[in-house]
Amino acid sequence: MTAPTATTAPAFRDRRPSRRVPTARVVLYCALVLGLLATLAPFAWMFLGSVKPTGEIVAHPSSWLPRSATLANFEQLLSKQNFGLYFLNSTVVAVACVLGNLLFCSMAGYAFAKIEFAGKRLLFGLVLTMLIIPGVTTFVPLFVLVSNMGLGNSYLGLVLPFLVTPFGVFIMRQFIRDIPDALVEAARLDGAGESRIFFRVILPLTRPALATLAILTFLAQWNNFLWPLVVAQTEDHYTLPVALALFSVGANGTNYGLLLAGAVTVVTPIILLFLALQRHFIQGIANTGIK
């Protein structure tokens, strides 16, 4: 038997799937990369500028990379009087507000989601209405109320107005509403009271929402500037944003190196908190209906 010649060999077509990436996907990836770079650029400039001498920061034309990196800005920041106290004040205020929101907002969210009572829809409608009211419109009445209570220039005055927020109540209500009612009814049939159901059944299931609320509350209170500026009347109650704004301006103008070093100091705890709770934060955002 003779071997088939090249002219008689069967022709097979290459049917392997094409590995060409669609043009639309390439355009999408390019747009996402550009968006990421635009988002990270200010942070990169902040971190790089914090290790530059003031002359390099204000030089024209300026450069991204420092020609002579230095930690003098951080040394000057840490050597400022009472800087540790300012950092402690910010930590106390932010942590207290986070703990208050986690407890009270989750309790209110549980009541709106799983308990039937008279005026429930009306009260929740008021909560939603408060979400669209700008905080500036309530700033002066809130300050007058805190002052009349004798809480001016105190930690309680810095914390009390932010222990419960309408946004926190909304987040917790949306998340708890998706928890099966059968769990709550089974606990009630076993004789558990509402407080026990909340702490033993509901609260352990709301970790993603609690992580989301913790990050958002900590971010808002850690960066809060206007309220501490008005309420804190002495240096022993200043928070970091207030202290940086007051002490970074010298007689000859703004000390940009000190400002950037202070900004890095303020941003770092937020980044660490987000990295620690990132998985729960993403899950909480996905499950609470926030788009």
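This chain uses plain numbering: 1 for the first residue, then up along the sequence. As a basis for the values below, the full set of heavy atoms in this structure was taken, side chains included, without hydrogen atoms, waters or symmetry mates.
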- Thr165/Asn101 under side-chain hydrogen bond (donor to acceptor under 3.5 Å, both in side chains): CA gap, chis, key distance, verdict: CA-CA 7 Å; Thr165 58; Asn101 275 265; 2.9 Å; yes
- Message: Before you tell me yes or no, could you show the steps for Lys52 and Tyr256 under side-chain contact (heavy atoms from CB on, under 4.5 Å), namely the whole-Å CA-CA distance, both residues' side-chain angles and the distance that decides it to 0.1 Å?
- Response: CA-CA 10 Å; Lys52 290 181 180 180; Tyr256 292 104; over 6 Å; no
- Quick one: sort the Trp227 and Phe139 rings into parallel, tilted or perpendicular, breaks at 30° and 60°. perpendicular
- Message: Is it true that, when you exclude Met130 itself, more than 12 heavy atoms of the residues, nucleotides or ligands shown sit nearer than 6.0 Å to its CE?
- Response: no
- Message: Run the side-chain contact (heavy atoms from CB on, under 4.5 Å) test on Tyr110 and Thr206 for me, step by step, so that the C-alpha distance in whole Å, both residues' side-chain angles and the decisive distance to 0.1 Å come before the verdict.
- Response: CA-CA 10 Å; Tyr110 169 67; Thr206 59; over 6 Å; no
- Task: Go through the steps for Asn73 and Ser50 under the test side-chain hydrogen bond (donor to acceptor under 3.5 Å, both in side chains), then give the verdict.
- Result: CA-CA 7 Å; Asn73 296 323; Ser50 65; over 6 Å; no
- Answer yes if Tyr155 and Leu99 sit in the same cluster of Ile, Leu, Val, Met, Phe, Trp and Tyr residues linked by side chain heavy atoms under 4.5 Å apart, and no otherwise. no
- Task: Output, in order, the C-alpha distance, side-chain angles, deciding distance and verdict of side-chain contact (heavy atoms from CB on, under 4.5 Å) for Arg196 and Val201.
- Result: CA-CA 8 Å; Arg196 187 175 182 182; Val201 178; over 6 Å; no
- Message: Is there a path of hydrophobic side-chain contacts, each under 4.5 Å between heavy atoms, that joins Ile270 and Trp45?
- Response: no
- Item | Heavy atoms from other residues, nucleotides or ligands near CZ of Arg188 exceed 12 (cutoff 6.0 Å) | yes
- Query: Where do Leu240 and Trp222 land on the side-chain contact (heavy atoms from CB on, under 4.5 Å) test, with the steps shown first?
  - Reply: CA-CA 8 Å; Leu240 273 178; Trp222 186 263; 3.8 Å; yes
- Query: Does CZ in Phe43 sit with more than 12 non-hydrogen atoms of other residues, nucleotides or ligands closer than 6.0 Å?
  - Reply: no
